[in-house]
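Heads up: the structure comes next, in structure tokens.
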Amino acid sequence: MLVLIILTSGAILLIQSLAAGHISAEHVYDDGVYFAASLNVVHGIIPYKDFVFVQPPLITVWLAPLSILAHFTGTRWAFQAARLFTDLVMILDICLVAFLLRKRSTIRMLLGVGTMAFSSNIFWASRTILIEPYLIALCLAALVAMTENEAITSSARRMWIAGILFGLAGATKIWAIFPMLVALAIIWKIQPRQRTRLVGGTAIGFLVSVAPFAALAPITFLREVIITQMLRAPNGLDRFQRLLDLTGIPNLYYLKYVNTLLADSVLVAIYLLVLILIFNSLRTWHSQNGTHLELLTSASALLVGLSFL
């Protein structure tokens, strides 16, 4: 069943890219920004130093093989290949969720994998090149590294690897800090020695990744990647509508235009439900064997929506 879900999601992505003409159509500007930045990098034009780039630099590295391909095939074909490559990364995300939930009950596995595979954000991302699929892949890989035999790993090597993967995720998009902090909170008491390794690995992964770019223009890097991200307008939505949008439910923010009271009620209900689920997981943290792992896998599911900030 899991294989069928993954294949179905992959087929939908392929049909959307080819049959609907998405592979060559213009939908939003993201793909042009990121692919052009990667083309610049492979030609020695560095973000922050030579041009404005308000994201961490690693997306330009992930797309670099496709940018090099442009030298042989031309920009158009390389650009389309980059879109298909992003689709493959999204399929990898689905497979990683399936791997994390492989020993859960059938219902939990199907719910988790199905939510990831058929999320509206997944199909929206396939219409362009977004950073989020790469962010999600790295964070999920970090969660895989830090778990072993249905528990938090006691291996120092695996925890260092998990930290490095979180650091690479942060160098791809800064919002990786949130799933990393969730993972740190979970291991804080049950694996005290591992928290230093996780934080240290994260620092190494992030600093080594951004140093070649940030060192050339450190002030500009901080201003564009950190300050601009914190202060930029939320896509024309007010803060309340943004909170509705972050639930991951398509177009839910339009409720604000229909009925303000209804929108308020829906928003409170959704976030209250999330708080109840988190509180329940924390309450049973030490009372059930392996509950901390269930909390970790639940946090990985929330990552899908939070990453689209």
Side-chain angles (χ1 to χ4, degrees), residues 34 38 41 46-48 53 55-65 85-86 88-100 130-216 218 221-222 225-226 229 292-293 295-297 299-304 306-307 309:
Y34 302 140
S38 183
V41 168
I46 308 302
Y48 321 117
F53 194 63
Q55 296 288 358
L58 222 53
I59 185 61
T60 65
V61 177
W62 304 134
L63 296 176
F85 179 70
T86 303
L88 292 177
V89 173
M90 286 188 282
I91 294 174
L92 173 63
D93 295 343
I94 300 169
C95 293
L96 287 171
V97 171
F99 185 81
L100 276 170
L130 294 182
I131 297 179
E132 285 77 13
Y134 300 87
L135 165 70
I136 293 171
L138 288 164
C139 288
L140 290 175
L143 296 179
V144 170
M146 66 181 292
T147 56
E148 189 176 18
N149 298 323
E150 289 297 282
I152 300 298
T153 183
S154 58
S155 167
R157 182 177 63 88
R158 288 177 67 100
M159 192 58 70
W160 277 107
I161 291 173
I164 290 171
L165 288 169
F166 274 129
L168 293 175
T172 302
K173 189 165 185 175
I174 57 174
W175 299 114
I177 187 64
F178 292 115
M180 181 270 175
L181 289 176
V182 170
L184 180 63
I186 290 171
I187 68 172
W188 190 263
K189 290 185 178 180
I190 60 176
Q191 293 276 11
R193 293 183 179 180
Q194 296 288 50
R195 60 197 184 198
T196 303
R197 295 162 184 158
L198 181 67
V199 173
T202 301
I204 291 172
F206 181 80
L207 293 175
V208 170
S209 301
V210 304
F213 300 89
L216 298 176
F221 174 82
L222 290 174
V225 175
I226 306 299
Q229 284 294 326
H292 55 273
L293 181 58
L295 181 59
L296 189 61
T297 53
S300 69
L302 291 175
L303 167 64
V304 177
L306 289 176
S307 66
L309 282 165

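Numbers for residues simply follow the sequence, beginning at 1. Values in this document were obtained by computation on a predicted structure and should not be read as measured data.
In terms of heavy-atom proximity, S209 sits nearest to L58 at CB-CD1, 3.9 Å. Between L216 and P218, the shortest heavy-atom distance links the atoms C-CD, 3.9 Å. Of all heavy-atom pairs between P56 and I59, the closest is O-CG2, 4.1 Å. Between L165 and A145, the shortest heavy-atom contact is CD1-CB, 4.4 Å. Between A137 and L96, the closest heavy-atom pair is O-CD1, 3.5 Å. Of all heavy-atom pairs between L168 and G205, the closest is CD2-O, 3.9 Å.
Ring geometry, Y48 versus F221: the interplanar angle exceeds 60°, so the pair is classed perpendicular (tilted spans 30 to 60°).
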Review point. How far apart are the C-alpha atoms of Q191 and I186, what are their side-chain angles, what is the distance that settles it, and do they pass the side-chain contact (heavy atoms from CB on, under 4.5 Å) test?
Key: CA-CA 9 Å; Q191 293 276 11; I186 290 171; over 6 Å; no
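Two residues are said to be in side-chain contact when any heavy atoms from C-beta on lie closer than 4.5 Å; T86 and Y134 meet this criterion. Under the 4.5 Å side-chain criterion, counting only non-hydrogen atoms from C-beta, W62 is not in contact with V89. Between V97 and L140 there is a side-chain heavy-atom pair separated by less than 4.5 Å. Proximity of Q55 to I174: side-chain heavy atoms (C-beta onward) are nowhere separated by under 4.5 Å.
Here C139 contributes atom SG and I177 contributes atom CD1; the two are 10.0 Å apart, rounded to the nearest 0.5 Å. Atoms CG and CG, on L135 and D93 in that order, are 9.0 Å from each other to the nearest 0.5 Å. F166 CZ to M146 CE: the interatomic distance, rounded to the nearest 0.5 Å, is 6.0 Å. Atom CG in L184 sits 9.0 Å away from atom OG1 in T196 (nearest 0.5 Å). For the atom pair I131 CD1 and I136 CD1, the distance stands at 12.0 Å (nearest 0.5 Å). The structure places OG1 of T147 at 6.5 Å from CZ of R158, a figure rounded to the nearest 0.5 Å.
In this structure, Q194 contributes its side chain and S155 its backbone to a donor-acceptor pair below 3.5 Å. The closest donor-acceptor contact from the side chain of R197 to the backbone of R157 lies at 3.5 Å or more, if one exists at all. A donor-acceptor contact shorter than 3.5 Å links the side chain of R195 to the backbone of W188.
In this structure, the side chain to side chain donor-acceptor pair (under 3.5 Å) partners of S38, at least two apart in sequence or on a different chain, are S67. Applying the side chain to side chain donor-acceptor pair (under 3.5 Å) criterion to Y34, with sequence neighbours excluded, gives no partner residue.
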